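Here the structure is laid out as structure tokens; the discussion comes afterwards.
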Amino acid sequence: MEKTFDSEKLIQEFESLTKDAKRVQLETLNKILKENCEAEYLKKYGLDGRTDPRTYSSCVPLVTHKDLEPYIQKIADGVPGSVLTGKPITTFSLSSGTTQGKPKFVPFNDELTETTMQIFQTSFAFRNRAFPIENGKALNFIYGGKQFTTKGGVIAATATTNVYRSEQFKKTMKAIQTPSCSPDEVIFGPDFQQSLYCHLLSGLIFHEDIHVISSSFANSIVHSFRTFELVWEDLCTDLRTGVLSSRITVPSIRTAMAKILKPNPKLADKIHKKCSGLIDWYGLIPEIFPSTKYIYGIMTGSMEPYLKKLRHYAREVPLQSADYGSSEGWIAVNVNPTLPPEMTIFTVLPNIGYYEFIPLREINTDVDANSISVEPESVGLTEVKEGEEYEVVLTNFAGLYRYRLGDVVKVAGFHNSAPKLQFICRRNLILTINIDKNTEKDLQLSVEAAAKLLTSEKLEVLDFTSHVDHSSEPGRYVIFWEVNGKASDELLKQCCNCLDASFIDAGYVGSRKTMAIGPLELRVLSKGTFQKILDHYVQQGSVLNQFKTPRCVGATNKGVLEILCNNVVKSYISTAFD
Ligand code: AMP
């Protein structure tokens with residue numbers, strides 16, 4: 001292990017920061033406001049050098065990304081002067097923004113790289129206590145997406161790309177013993193299908209040394225192994241002959257792979273035999289990568305639906321849910337690695353940002369965050385109450401002040417004096433027609449209940465999304481499913497009714513009974529539709545690392561809606577309320 005990394009020291013630091021969370025928060029706010037006091041944005045709100053939380057929250061308003069767009073545009077256009085930060089912003093992150101259908105810019109700087117490394121190292125220190133790994137490699141399904149430059153010369157890329165490109169990332173990964181098995185040219189390749197193929201091939205070449213399998217989000221790990229199921233024979237041919245498949249056309253990737261790919265018929269036979277012996281790919285990971293200590297990635301929130309498939313591939317290999325953060329900045333770290341992924345809790349690191357929390361009951365009176373009339377009251381990090389739900393508000397070192405992140409979390413307790421958060425859902429109501437209010441989580445629960453019925457025909461839902469259809473009166477919910485085989489009409493009809501009946505929100509049930517909302521429609525999609533949606537986002541500049549299937553597709557997201565509607569093979573109308 002590199003000398004720079006000392007697990008016990010990091011744990012001690014974490015303990016002392018969390019013991020003194022209130023003071024650390026005050027110091028952090030003070031530091032952020034002092035460093036950026038010359039910024040046009042902060043000057044406008046007349047803080048006049050005051051940095052106490054009370055003055056801060058009474059002078060500076062709560063904002064959403066939309067409120068900051070004029071400032072972000074100025075930076076993108078290269079308008080001189082300090083706009084949001086004291087030091088000029090030279091890099092943007094593209095937040096995945098898959099719910100709105102287009103990526104959005106958020107400022108990125110070196111401080112955000114540093115806080116990312118602090119989060120990675122802290123969670124590793126705790127994880128390594130519970131699941132020690134020796135010097136090994138990681139099969140990291142990561143992709144450095146494209147960078148481009150704005151009119152004003154600011155570099156823009158996804159947050160993950162910005163982090164992967166930093167020198168600190170490589171150093172940290174080495175220090176925490178999980179350097180990627182794939183060459184850099186694969187990680188930073190221009191075509192993610194080709195990169196994915198080469199990640200898998202690199203994994204097979206180093207299969208005995210792989211200690212960790214990871215990706216930013218769990219869906220990407222599942223996607224990678226679903227791809228493995230399709231290409232494993234080609235991978236074996238490459239191993240046998242030492243010649244990379246002709247599907248890889250990017251010269252830099254071919255050159256880099258040629259350095260590690262040598263003819264190895266013995267290895268090809270071994271992998272071929274193992275794959276052929278698997279039943280329905282159950283236990284694929286431990287069979288092919290026998291030294292894997294755990295599988296790592298964000299597994300909470302909208303990633304929960306992928307856990308079943310991940311467990312199928314993983315068999316007994318533990319799943320470790322990664323930390324909680326966003327392109328806008330990190331928030332909290334998973335220091336309880338022995339909990340199952342569904343129960344993961346995240347402890348807020350009080351020195352990487354200044355955090356406020358809006359109690360959910362305040363939010364429920366404010367249906368649309370973009371049209372707030374009365375500003376909801378927020379509370380400080382150490383004032384939150386166990387058991388209560390809140391929306392997270394972030395102030396960071398990169399020019400975001402009192403920024404509503406749009407996530408709902410529940411306080412699950414405290415680690416010393418820092419709260420432990422459970423991720424609940426994105427705040428935006430995704431399904432609403434009149435008085436009904438259903439969140440991403442409600443949709444997930446309803447899909448889970450209905451998908452259980454499919455198991456009687458040994459089928460599963462590969463992925464799902466939803467849409468509010470206002471094209472006829474009354475409006476209704478449409479749920480799109482991609483299923484991994486052909487289910488009978490009768491069963492799908494039952495699933496459709498179950499979906500409808502599983503939205504238990506009183507507004508929905510009442511509206512359905514009075515026909516103020518029409519019967520739910522289940523539309524079954526042809527195989528590969530969600531792959532087409534992923535390709536669509538990738539073409540638009542998203543990268544696989546941060547891709548999350550949009551759980552609701554709005555009418556304005558025409559591209560995706562078109563893909564969905566053009567690929568419907570069957571549809572069913574609920575009779576649950578007839
Ligand atoms: P991005 O826009 O790609 O930066 O994604 C950030 C969003 O991903 C957050 O605002 C959350 O909604 C979600 N997210 C990040 N970390 C987690 C986590 N550990 N559990 C659940 N959702 C998460």
Side-chain angles (χ1 to χ4, degrees), residues 64-65 92-108 112 115-116 119-120 122-123 127 142-143 145 156-164 214-220 296-307 319-337 339-349 352-353 355 369 389-394 396 398 400 403-410 412 420-428 430 439-441 444 534 537-538 540-552:
T64 63
H65 189 270
F92 280 134
S93 288
L94 288 164
S95 155
S96 56
T98 39
T99 38
Q100 277 83 35
K102 64 175 187 349
K104 47 187 196 227
F105 288 151
V106 290
F108 183 87
L112 290 196
T115 54
T116 305
I119 288 267
F120 282 7
T122 307
S123 67
R127 201 161 61 250
I142 57 175
Y143 307 85
T158 59
T160 36
T161 302
N162 287 332
V163 169
Y164 299 153
S214 82
S215 184
S216 309
F217 288 92
N219 63 328
S220 172
Y296 186 63
I298 292 175
M299 297 177 185
T300 34
S302 63
M303 293 300 129
E304 276 181 34
Y306 303 99
L307 287 177
L319 304 185
Q320 291 282 307
S321 191
D323 310 303
Y324 171 37
S326 68
S327 307
E328 286 87 345
W330 285 93
I331 295 127
V333 59
N334 177 5
V335 297
N336 302 88
L339 292 176
E342 291 87 345
M343 296 174 69
T344 306
I345 41 177
F346 308 97
T347 305
V348 181
L349 261 182
I352 61 174
Y355 304 97
E389 291 188 359
Y390 299 89
E391 181 188 341
V392 182
V393 176
L394 168 76
N396 73 5
L400 299 183
Y403 180 94
R404 294 179 74 164
L405 204 54
D407 288 340
V408 175
V409 295
K410 186 175 190 165
K420 292 194 283 198
L421 309 177
Q422 186 193 350
F423 183 88
I424 302 292
C425 59
R426 295 287 304 166
R427 191 186 73 76
N428 288 347
I430 60 168
T439 61
E440 183 174 326
K441 185 79 191 173
Q444 189 183 313
L534 190 151
Y537 278 110
V538 169
Q540 288 202 326
S542 292
V543 281
L544 212 54
N545 302 312
Q546 276 168 253
F547 178 78
K548 305 165 205 72
T549 296
R551 292 298 182 214
C552 185

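Values reported hereafter were calculated over all heavy atoms of this structure, with side chains retained and with hydrogens, waters and symmetry mates removed. Everything numeric here is computed off the predicted structure, so don't read it as measured data. Order of appearance sets the numbers: ligands from 1, and atoms from 1 within every ligand.
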Heavy-atom contact under 4.0 Å between M303 and ligand 1?
-> no

Going by atom types alone, do Y164 and T158 pair a side-chain donor with an acceptor below 3.5 Å?
-> no

Hey, is ligand 1 close enough to S326 that some N/O pair sits below 3.5 Å?
-> no

Do any heavy atoms of N334 fall under 4.0 Å from ligand 1?
-> no

Apply the test side-chain contact (heavy atoms from CB on, under 4.5 Å) to residues D407 and F423: give CA-CA distance (whole Å), side-chain angles for both, the deciding distance (0.1 Å), then the verdict.
-> CA-CA 8 Å; D407 288 340; F423 183 88; 3.6 Å; yes

Where on I298 is there a heavy atom closer than 4.0 Å to ligand 1, on the side chain, on the backbone, on both, or on neither?
-> side chain

Answer yes or no for G325: is there a heavy-atom contact with ligand 1 below 4.0 Å?
-> yes

Distance-only, no hydrogens or angles: does the D323 side chain make a donor-acceptor pair with backbone N or O of N334 under 3.5 Å?
-> yes

Do V409 and F346 have side-chain heavy atoms sitting under 4.5 Å apart?
-> no

Looking at K548, which atoms of ligand 1 are within less than 4.0 Å of one of its heavy atoms?
-> 1 (P), 3 (O), 5 (O), 8 (O)

Between the side chains of S215 and S220, is a donor N or O closer than 3.5 angstrom to an acceptor N or O?
-> yes

So for D323 against ligand 1, with non-hydrogen atoms under 4.0 Å, the contacting part is backbone

Are any of the N/O atoms in D407 less than 3.5 Å from those in ligand 1?
-> yes

Do the side chains of V106 and F92 get nearer than 4.5 Å, heavy atoms only?
-> no

